[in-house]
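Worksheet: the structure to be examined is printed underneath.
So you know, we letter chains A, B, ... as the sequences are listed, proteins then strands, and number each from 1.
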Amino acid sequence: MLQQTQVSTVIPYYARFLASFPDVLALAAAPIDLVIEHWAGLGYYARARNLHRCAQQIATVHAGKFPETEAQLEELPGIGRSTAAAIAAFAFGRRAAILDGNVKRVLCRQFGVAGFPGAKAVHDRLWLLAESLLPENDIEVYTQGLMDLGATLCTRSRPRCGDCPVAAGCVAKRDGRQGELPEAKPRAAVPERTSTFVLLTDGQRLLLERRPPSGLWGGLLVPPEGEPAAVAARFGLALGEATKLPPFKHVFTHFRLTLEPMLCQIDAQFQAAEPGLEWVEIGRAADAGVPAPIKKLIRQVASARG
DNA sequence: GAACCGTGGGA
DNA sequence: TTCCCAAGGTT
């Protein structure tokens, strides 16, 4: 959950998740749709599938117990080099280096590392630095301290260098370049996309469709996407009048999406042959495991019907 | 090696 | 409003 997601955002999701899946075996035994539902709204939904597969591998391949080495941990789905090191260090006291956003920022400033940290050469150098700095003992304290230094003092903007325990050796502070390091990602133009979502309702319920596992909103429930005629054809459905609801924009990291909702009444007796279709009460649809922008869209339907 | 994958908060 | 990016990993 904490991959590319701030702690404060994760906390409520984490609490609900653990309440439903208290241990790795419970998670492994859970249906994937339920896991996805708990993740809805958090983003990066591949993490949910990876975590679920990870639990299943631990249950079956590792007899329910986490492996302890970085190499074995990194073989698990969703666990890369940094997460493997974090588990190895915090759970098993192993001398392993992490490299998250906080550590990158601290290292770039402390050692005056130039270049965008995402560039391979810079990234490689940061990993070498992180490994070279590992203490012989107290790896948990060191690792937590390093991350907390980045999270609380060596912050992106307005770092509190006056309170920093390692300010004396910091290249960025010496040169007054705290605001320039780490260097920003070179930005490309953000693509714009437009997509129509067809809100099929029988007056009480809304028809939602589960998206394929990969890609945007993978595994989540959303209204069928596409032009109304195409959606109708796909479901073998005769559509009545389609009403346009107000469009709205949603800004993702990689593109801007304009959602154009179309509201259509259909027969409650409609049974689609396709799997993955679900009728959901309109009042509950926004909590049925849909991504955040779809929640907005569903609220429009709720208000449109009064 | 670059593109892709969400959402929310801070400035 | 707009941009940046956060306890990164996979394709």
Side-chain angles (χ1 to χ4, degrees), chain A residues 1-14 36 39-54 70 73-91 96-108 115-124 126-127 130 140 142-152 154-159 178-193 211-220 222 249-257 259 289-296:
Chain A
M1 285 182 175
L2 289 165
Q3 289 169 352
Q4 294 285 277
T5 306
Q6 294 184 341
V7 175
S8 57
T9 301
V10 161
I11 287 172
Y13 287 88
Y14 180 77
I36 292 282
W39 211 276
L42 192 53
Y44 281 165
Y45 300 101
R47 296 180 298 177
R49 287 188 174 273
N50 286 334
L51 186 58
H52 187 236
R53 286 201 303 143
C54 179
E70 299 89 288
L73 286 163
E74 204 170 334
E75 288 180 15
L76 294 165
I79 297 182
R81 183 172 176 182
S82 189
T83 304
I87 297 171
F90 287 126
I98 66 159
L99 189 62
D100 67 358
N102 289 313
V103 176
K104 285 177 188 171
R105 187 169 54 252
V106 171
L107 295 182
C108 282
F116 168 56
K120 178 163 172 49
V122 181
H123 198 238
D124 288 349
L126 290 173
W127 269 114
E140 307 94 323
Y142 168 79
T143 304
Q144 189 66 58
L146 185 56
M147 285 197 295
D148 286 348
L149 179 61
T152 63
C154 196
T155 48
R156 187 155 61 98
S157 58
R158 297 173 46 112
Q178 297 97 321
E180 304 164 24
L181 296 175
E183 291 184 17
K185 179 184 175 72
R187 278 293 171 187
V190 179
E192 307 255 0
R193 301 182 201 171
R211 293 178 62 101
S214 64
L216 184 70
W217 299 330
L220 273 75
V222 304
K249 295 181 184 298
H250 186 80
V251 181
F252 293 94
T253 305
H254 304 284
F255 64 98
R256 300 168 191 278
L257 178 65
L259 296 92
V290 304
I294 299 299
K295 284 192 179 185
K296 277 193 186 178

Provide the start and end nucleotides, 5' to 3', of the part of DNA chain C that has atoms under 4.0 Å from heavy atoms of chain A.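 That gives a stretch of dC3(C) to dT10(C).
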
At 4.0 Å (heavy atoms only), tell me whether [X] reaches a base, stays on the sugar-phosphate, or touches nothing.
| X | answer |
| --- | --- |
| S82(A) | sugar-phosphate |
| T5(A) | base |
| G41(A) | sugar-phosphate |
| V103(A) | nothing |
| L42(A) | base |
| A86(A) | nothing |
| Q144(A) | base |
| L99(A) | nothing |

Pick the nucleotide of DNA chain B nearest each of R158(A) and H250(A); which residue has the one closer to the 5' end?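 Its nearest nucleotide being more 5', the pick is H250(A).
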
Residue met sooner reading DNA chain B from 5', once P191(A) and P293(A) are mapped to nucleotides: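 Counting from the 5' end, the first nearest nucleotide belongs to P191(A).
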
Nearest-nucleotide comparison on DNA chain C, the residue closer to the 5′ end among Q6(A) and W127(A):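 Looking at DNA chain C, the more 5' nearest nucleotide goes with Q6(A).
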
Given side chains that start at C-beta, do those of [X] and [Y] come closer than 4.5 Å, heavy atoms only?
| X | Y | answer |
| --- | --- | --- |
| V222(A) | R211(A) | yes |
| E74(A) | R81(A) | yes |
| P117(A) | H123(A) | no |
| T143(A) | L146(A) | no |
| E192(A) | L257(A) | no |

Atom [atom1], compared across [N] and [M]: separation rounded to whole Å:
| N | M | atom1 | result |
| --- | --- | --- | --- |
| dA3(B) | dC4(C) | P | 16 Å |
| dC5(C) | dG6(B) | C1' | 12 Å |
| dA7(C) | dA11(B) | P | 14 Å |
| dG9(C) | dG8(B) | P | 23 Å |

Sidechain-backbone polar pair: T5(A) side chain, Q3(A) backbone, donor-acceptor under 3.5 Å: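 At least one qualifying donor-acceptor pair exists.
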
Tell me, please, the opening and closing nucleotides of DNA chain B, 5' to 3', among those with an atom under 4.0 angstrom from a non-hydrogen atom of chain A.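 Endpoints of the contacted stretch of DNA chain B: dG1(B) to dA11(B).
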
Cationic N near anionic O, under 4.0 Å, D124(A) to K120(A):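 Looking at D124(A) and K120(A), the cut-off is met.
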
Criterion side chain to side chain contact (heavy atoms under 4.5 Å, CB included) against L220(A), the qualifying member of I294(A), V290(A), I36(A):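 For L220(A), the side chain to side chain contact (heavy atoms under 4.5 Å, CB included) test succeeds with only one of I294(A), V290(A), I36(A), which is I36(A).
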
For Y13(A) against M1(A), the heavy-atom pair lying closest together: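 Taking every non-hydrogen atom into account, O-CE, 3.8 Å.
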
Compare every heavy atom of T152(A) with every heavy atom of D148(A), then report the nearest pair and how far apart it is.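 Closest heavy-atom pair between D148(A) and T152(A): O-OG1, 2.7 Å.
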
Is the number of heavy atoms from other residues, nucleotides or ligands under 6.0 Å of F90(A) CZ greater than 12?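 For F90(A), atom CZ is crowded (more than 12 foreign heavy atoms under 6.0 Å).
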
Please determine whether side chain to side chain donor-acceptor pair (under 3.5 Å) holds for the pair T155(A) and R105(A), giving the CA-CA distance in whole Å, both sets of side-chain angles, and the decisive distance to 0.1 Å. CA-CA 8 Å; T155(A) 48; R105(A) 187 169 54 252; over 6 Å; no

Within residues 46-54 of chain A: residues closer than 4.0 Å to DNA chain C (heavy atoms):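 Close to the strand are N50(A).
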
